[in-house]
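Heads up: the structure comes next, in structure tokens.
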2 protein chains.
Amino acid sequence: MPVIHSAGRFSWTYRALSERLATGPGAIYWHVAGKGELLGAATDAVLAGAVTAGASDATPQDAIRSLALGVFDDHPWIGTQLARAPGQSPMPRVFENIGRQVQALGVPAAAQFSVASAVWNYILGVAGQNAANARPVRPETDRTEFLNAVSAVWADLDPDEYAFTRGVAGRLRDHDDRTEFLSGIDLILTGITAGR
Amino acid sequence: MPVIHSAGRFSWTYRALSERLATGPGAIYWHVAGKGELLGAATDAVLAGAVTAGASDATPQDAIRSLALGVFDDHPWIGTQLARAPGQSPMPRVFENIGRQVQALGVPAAAQFSVASAVWNYILGVAGQNAANARPVRPETDRTEFLNAVSAVWADLDPDEYAFTRGVAGRLRDHDDRTEFLSGIDLILTGITAGR
DNA sequence: ACCTGAACACCGTTCAAGT
DNA sequence: ACCTGAACACCGTTCAAGT
């Protein structure tokens with residue numbers, strides 16, 4: 001079967017795919033069992049590329065950040081579809097990468113799986129979440145416009161009941177998803193080393 | 001419009017909904033603009049219930065854990081659909097809840113928004129991720145069977161290239177998603193207080 | 001003002017038929 | 001062994017027509 005090159009924003013429909021491959025939609029079913037396996041294969045192909053990122057970083061922290069950003073920046077949609085194919089999936093390769101950094105951070109053996117899972121879950125979960133948010137409810141509303149609207153609502157909330165939310169309304173307007181994503185990673189990284 | 005009661009696992013299709021409401025699919029469109037707004041309304045209704053959890057917990061940490069588990073246990077699918085409606089959404093209420101715990105943990109003002117966002121993102125992201133994983137690719141394969149298969153593959157990996165993954169293959173088989181979810185929360189909580 | 005329900009475009013999936 | 005493409009069931013959405 002032809003290799004699937006990840007091409008940015010692409011609708012993974014059988015019809016779009018089959019048109020691209022100059023064939024009928026049914027042809028794909030000879031190669032994959034269904035949509036799940038199809039997306040799984042695509043996910044795997046993309047993850048394989050993400051592993052190389054962070055291969056030679058200075059600290060374990062930097063290595064994890066590189067890997068996380070690799071997923072977040074290039075292929076956030078991955079989160080929606082998980083590597084489930086037990087076979088030759090690159091999922092273990094990514095997990096191995098994270099796990100070694102976790103070991104390098106001095107996490108005791110008994111906690112390593114749990115800690116690596118948390119990092120893994122955070123990366124896929126938040127990146128996927130972000131990808132889902134990327135397409136707005138109504139296509140005509142753009143991001144800044146939307147954020148301004150929400151920020152205005154927040155700033156107008158009851159000062160007693162919503163003291164905190166009111167206070168950060170301004171930050172919402174200016175916030176950057178990528179930065180927030182990274183700050184979460186850092187929080188986890190701090191938690192890892194602090195818990196030692 | 002009739003209030004939508006969250007009823008466990010339910011397919012949010014217009015047809016299923018309209019049958020439930022004993023009406024035609026078109027009728028719903030008079031009340032909501034589209035699928036996004038529909039799911040948004042449902043999400044809001046559910047989140048409103050989740051806020052009460054953790055209202056009176058001993059420590060800020062416990063309060064955040066309660067809220068996180070409230071989403072994870074009862075309504076993991078929420079993560080797939082975000083509170084986007086700027087209006088009277090309970091989203092600010094949840095965010096307020098988290099924010100106050102973050103303040104109680106002693107996080108400096110400049111970092112509060114960022115930290116609260118990380119907690120929020122983690123909860124929705126990982127819970128949603130988990131909901132997506134809940135339905136397997138092929139319906140006939142159940143969870144334990146699947147985990148055993150993956151675990152066996154992991155245990156069989158190259159000892160040099162996959163030293164870490166091999167080593168935790170056993171833990172994968174026995175792992176509990178809920179526990180992993182909580183351990184990630186704890187990692188973040190530790191990171192929050194350690195970074196002070 | 002609010003509901004009805006047929007209709008449209010689109011999707012994943014199947015399958016008899018081809019080579 | 002591998003591809004074709006019409007067909008099926010299903011989905012979100014629209015809209016003329018009803019009350």
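Hydrogens, waters and symmetry mates are skipped; everything else that's a heavy atom, side chains included, is used. It should be emphasised that the depicted structure is a prediction, and the values quoted were computed from it without experimental measurement. Just so it is clear: chains get the letters A, B, ... in the order the sequence lines come, proteins before strands, and each one is counted from 1.
The backbone N or O of Lys35(B) sits less than 3.5 Å from a side-chain atom of Tyr14(B), completing a donor-acceptor pair. No donor-acceptor pair closer than 3.5 Å links the side chain of Ser151(A) to the backbone N or O of Leu147(A). Gln112(B) places no side-chain N or O within 3.5 Å of a backbone atom of Gly99(B) that could act as its donor or acceptor partner.
Between Arg15(A) atom CZ and dA9(C) atom C1' the separation is 10 Å, expressed in whole Å. Rounding to whole angstrom units, CD of residue Glu19(A) and C1' of dC10(C) are separated by 14 Å. For the pair Tyr29(B) OH and dC15(D) C1', the interatomic distance rounds to 12 Å; values are reported in whole Å. Distance Arg20(A) CZ to dC3(D) C1': 20 Å, rounded to the nearest Å. Here dT13(D) presents its P atom at 11 Å from CD of Glu37(B), a figure rounded to the nearest Å. Rounded to whole Å, atom P of dC11(C) lies 12 Å from atom CG of Leu17(A). The interatomic distance linking Ile28(A) (CD1) with dT14(C) (P) rounds to 13 Å, in whole Å. dA1(C) atom C1' lies 10 Å from atom NE2 of His31(B), rounded to whole Å.
Here the side chain of Ala27(B) is nearest to one of dC11(D), dC3(C), dA6(C), namely dC3(C). Considering only side-chain atoms of Trp30(B), the nucleotide from dT13(C), dT13(D), dC3(C) that sits closest is dC3(C). The side chain of Tyr14(B) approaches dG12(D) more closely than any other nucleotide in the set dG12(D), dA7(D), dT14(C).
The partner of dG5(C) is dC15(D), by the rule that a Watson-Crick or G-U pair needs both atom distances under 3.5 Å. dC10(D) makes up no base pair with any nucleotide shown, lacking Watson-Crick or G-U wobble contacts both under 3.5 Å.
Mapping Gly26(A) and Ala22(B) onto DNA chain C by nearest heavy atom places Ala22(B) closer to the 5' end of the strand.
Relative ring orientation between Phe181(A) and Tyr122(A) is described as parallel, the plane-to-plane angle staying below 30° on a 0-90° scale split at 30° and 60°.
Using C1' as the reference atom, dA17(D) and dC2(C) are 13 Å apart when rounded to the nearest Å. Nucleotides dC3(D) and dA16(C), compared at atom C1', are 13 Å apart to the nearest Å.
Salt-bridge annotation for Glu96(B) and Arg100(B): present, with a side-chain N of the basic residue lying under 4.0 Å from a carboxylate O of the acidic one.
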